[in-house]
There are 2 protein chains.
Amino acid sequence: MGRKSMKESRQKEIIVACYKLAKKEGLENTSIAKIAQSMNINPSLIIHYFQTREELIYGLIDYMLAKYKGIFNVPKRSNKSAREILLEVIDHLFSKKWNALFDDSLFYGCFALTFRDHKIKIKYKVVLDELRKSLAELIEASVKEGSIQVAHPYDVADTTFMILDGAYFYVNLLKDPKQINEKLGEFKPKVLALLGICEPNTN
Amino acid sequence: MGRKSMKESRQKEIIVACYKLAKKEGLENTSIAKIAQSMNINPSLIIHYFQTREELIYGLIDYMLAKYKGIFNVPKRSNKSAREILLEVIDHLFSKKWNALFDDSLFYGCFALTFRDHKIKIKYKVVLDELRKSLAELIEASVKEGSIQVAHPYDVADTTFMILDGAYFYVNLLKDPKQINEKLGEFKPKVLALLGICEPNTN
DNA sequence: TGTTTGATTGAACGTTTAGTTAATTTATTT
DNA sequence: AAATAAATTAACTAAACGTTCAATCAAACA
């Protein structure tokens with residue numbers, strides 16, 4: 001008896017509002033009061049669903065990292081070869097397409113928290129490792145298929161993400177989207193070389 | 001006439017105190033009042049030397065980035081060959097030795113600000129480019145010396161820092177110093193390979 | 001010595017912060 | 001219709017925030 005709980009859905013709504021605000025104004029300028037204002041609800045309601053601000057931030061990070069994992073998801077058609085899928089994924093990783101979907105500012109803002117919050121550090125570590133593993137599995141599938149030859153798939157996946165993370169780190173400091181794409185384009189061939197592929201079609 | 005200005009030296013003292021505090025507590029928890037408290041001075045004095053908190057942060061970033069540039073400075077003896085110096089620098093870059101000197105937490109914390117503050121973005125960009133240029137010049141010197149063969153020194157320097165930045169990004173999520181050194185050790189040979197060097201002495 | 005100028009302080013400003021508590025509204029069940 | 005439990009709000013607190021202002025103190029020079 002009594003009223004039905006809206007906890008999960010309401011928490012999600014609050015996190016989404018928090019995400020939007022933090023993306024625009026920065027994490028340090030995103031207060032409970034401001035989130036409440038943007039939703040036209042009472043600040044106390046946010047405290048009601050997340051007991052503390054800290055808990056809300058954890059929720060925000062989970063939400064953000066889930067989005068981040070999405071950089072790996074490319075529409076897969078079952079009739080495609082493993083190699084085709086692999087190349088599509090790499091193409092996707094080195095494009096700024098998913099930039100609209102995902103916000104780097106928040107990603108780095110929360111990353112800074114990993115140094116003082118062990119829970120957050122683990123969250124990041126888990127996601128980064130998952131991504132490496134996913135890519136490694138994609139490489140393995142291509143190897144089994146016989147379409148590429150790679151001795152240590154996980155190593156290649158690891159190196160790929162090192163280059164990728166390093167490249168995006170730098171590229172975020174460029175203002176011109178054209179420059180960004182150029183720079184990213186420079187590094188894609190280096191990753192393909194790791195896979196023993198010498199440029200497919202550069203267009 | 002009148003009293004001598006202590007502006008420069010006092011500003012420096014305040015920035016150093018700010019740096020220490022931000023390193024320990026995080027940038028978002030570093031207030032003017034707390035800095036003043038740590039120095040046993042009045043908060044107003046900090047405002048006196050930096051008109052606003054924003055100005056203080058700019059000072060902090062300049063100071064921090066100057067330290068960051070220090071990762072490149074390895075004691076150079078004039079009797080060493082260009083190749084020897086180059087290898088020492090790379091060794092230094094891939095060691096965590098300079099971690100005591102420099103704090104990553106603050107580096108990433110301030111990096112997050114680049115997304116909303118163009119001045120800060122430029123500060124970072126300039127330093128990253130300077131480091132790439134310095135490494136490129138070191139490579140060029142070795143090429144001229146005839147001790148290594150590299151077609152495009154700047155490209156190699158650029159790629160080196162991509163790998164380095166990507167590696168440190170990941171490595172910061174590891175807790176065990178041993179693991180950190182292992183991981184970094186994995187990537188040093190890859191950079192040396194770019195220089196056409198196949199492991200000098202791994203010990 | 002008196003004047004000038006910067007160093008430094010202390011008190012107060014209004015605003016914002018995260019969080020508490022108590023009351024009220026709303027939906028659901030018996 | 002009464003009971004119940006969760007949703008939501010209103011009012012509030014205490015602390016912290018960056019900043020302002022006026023006053024005082026200390027050094028340098030005329």
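In what follows, chains carry the letters A, B, and so on, assigned in the order in which the sequence lines appear, proteins first and then strands, with residues in each chain numbered from 1. Predicted, not measured: the structure shown is a model, and the values here were computed from it.
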- request: Could I get the full list of side chain to side chain donor-acceptor pair (under 3.5 Å) partners for A:Lys12, not counting sequence neighbours?
  value: none
- prompt: Would you say A:Lys20 has more than 12 foreign heavy atoms packed within less than 6.0 Å of its NZ?
  reply: no
field: Side chain proximity check, A:Asp129 to A:Lys125, heavy atoms < 4.5 angstrom
entry: yes
field: Other residues, nucleotides, ligands: >12 heavy atoms within 6.0 Å of A:Lys175 NZ
entry: no
message: Ring centroids only, cut at 6.0 angstrom: are A:Phe169 and B:Phe169 within range, meaning strictly under it?
response: no
message: I need the residues from residues 25-32 of chain A with at least one non-hydrogen atom less than 4.0 Å from DNA chain C; give them sorted by number, or say none.
response: A:Ser31, A:Ile32
Between C:dT26 (P) and A:Ile41 (CD1): distance, integer Å: 17 Å
task: Within residues 48-62 of chain A, find the residues that approach DNA chain C with a heavy atom at under 4.0 Å, and present them sorted by residue number.
output: A:Thr52, A:Arg53
- prompt: Under 6.0 Å from the NZ atom of B:Lys67, do we count more than 12 heavy atoms belonging to anything else shown?
  reply: yes
message: If the condition is side chain to side chain donor-acceptor pair (under 3.5 Å), which residues does A:Arg53 pass it with, not counting sequence neighbours?
response: none
- prompt: What residues form a ring pair (Phe, Tyr, Trp, His ring centres under 6.0 Å) with B:Tyr63, not counting sequence neighbours?
  reply: B:Tyr19
Under 3.5 Å, side-chain donor or acceptor atoms of residues 132-139 of chain B against the rest of the protein: list the pairs with distances, not counting sequence neighbours.
{"from": "B:Arg132", "atom 1": "NE", "to": "B:Asp158", "atom 2": "OD1", "distance (Å)": "2.7"}
{"from": "B:Arg132", "atom 1": "NH1", "to": "B:Leu128", "atom 2": "O", "distance (Å)": "3.4"}
{"from": "B:Ser134", "atom 1": "OG", "to": "B:Glu130", "atom 2": "O", "distance (Å)": "3.0"}

field: Whole angstrom value for the distance that separates C1' of C:dA22 from CG of A:Asn42
entry: 13 Å
- prompt: Which residues pass the salt bridge (charged side-chain N to carboxylate O under 4.0 Å, His left out) test with A:Glu186, sequence neighbours left out?
  reply: A:Lys183
message: Nearest whole Å is fine: how far is C:dA7 P from B:Ile14 CD1?
response: 10 Å
- line: Contact span of DNA chain D against chain B, any nucleotide atom under 4.0 Å from a heavy atom, 5' to 3', runs D:dC17 to D:dC29
- prompt: Between B:Tyr168 and A:Asp165, does any side-chain donor sit less than 3.5 Å from a side-chain acceptor?
  reply: no
task: Kindly calculate the angle separating the two end axes of the helix from C:dT1-D:dA30 to C:dT30-D:dA1, each obtained from five base pairs, and round it to 10 degrees.
output: 10°
- request: Ignoring hydrogens and angles, state whether a donor on the side chain of B:Glu145 or B:Ser147 is under 3.5 Å from an acceptor on the partner side chain.
  value: yes
- prompt: Of all residues at least two apart in sequence or in a different chain, which pass the side chain to side chain donor-acceptor pair (under 3.5 Å) check with A:Glu140?
  reply: none
- request: With a 4.0 Å heavy-atom cut-off, tell me which residues in residues 3-11 of chain A come close to DNA chain C, sorted by residue number.
  value: A:Arg3, A:Lys4
message: Ignoring hydrogens, what is the shortest heavy-atom contact between B:Met64 and B:Leu106? Give both atom names and the distance.
response: CE-O, 4.2 Å
Pairing residues for B:Asp155 by the side chain to side chain donor-acceptor pair (under 3.5 Å) criterion, not counting sequence neighbours: none
query: Hey, which of these two, B:Gly2 or B:Pro43, hits DNA chain D nearer its 5' end, going by closest nucleotide?
result: B:Pro43
- prompt: Quick one: A:Leu45 CG to C:dG19 C1', roughly how many Å, whole number?
  reply: 14 Å
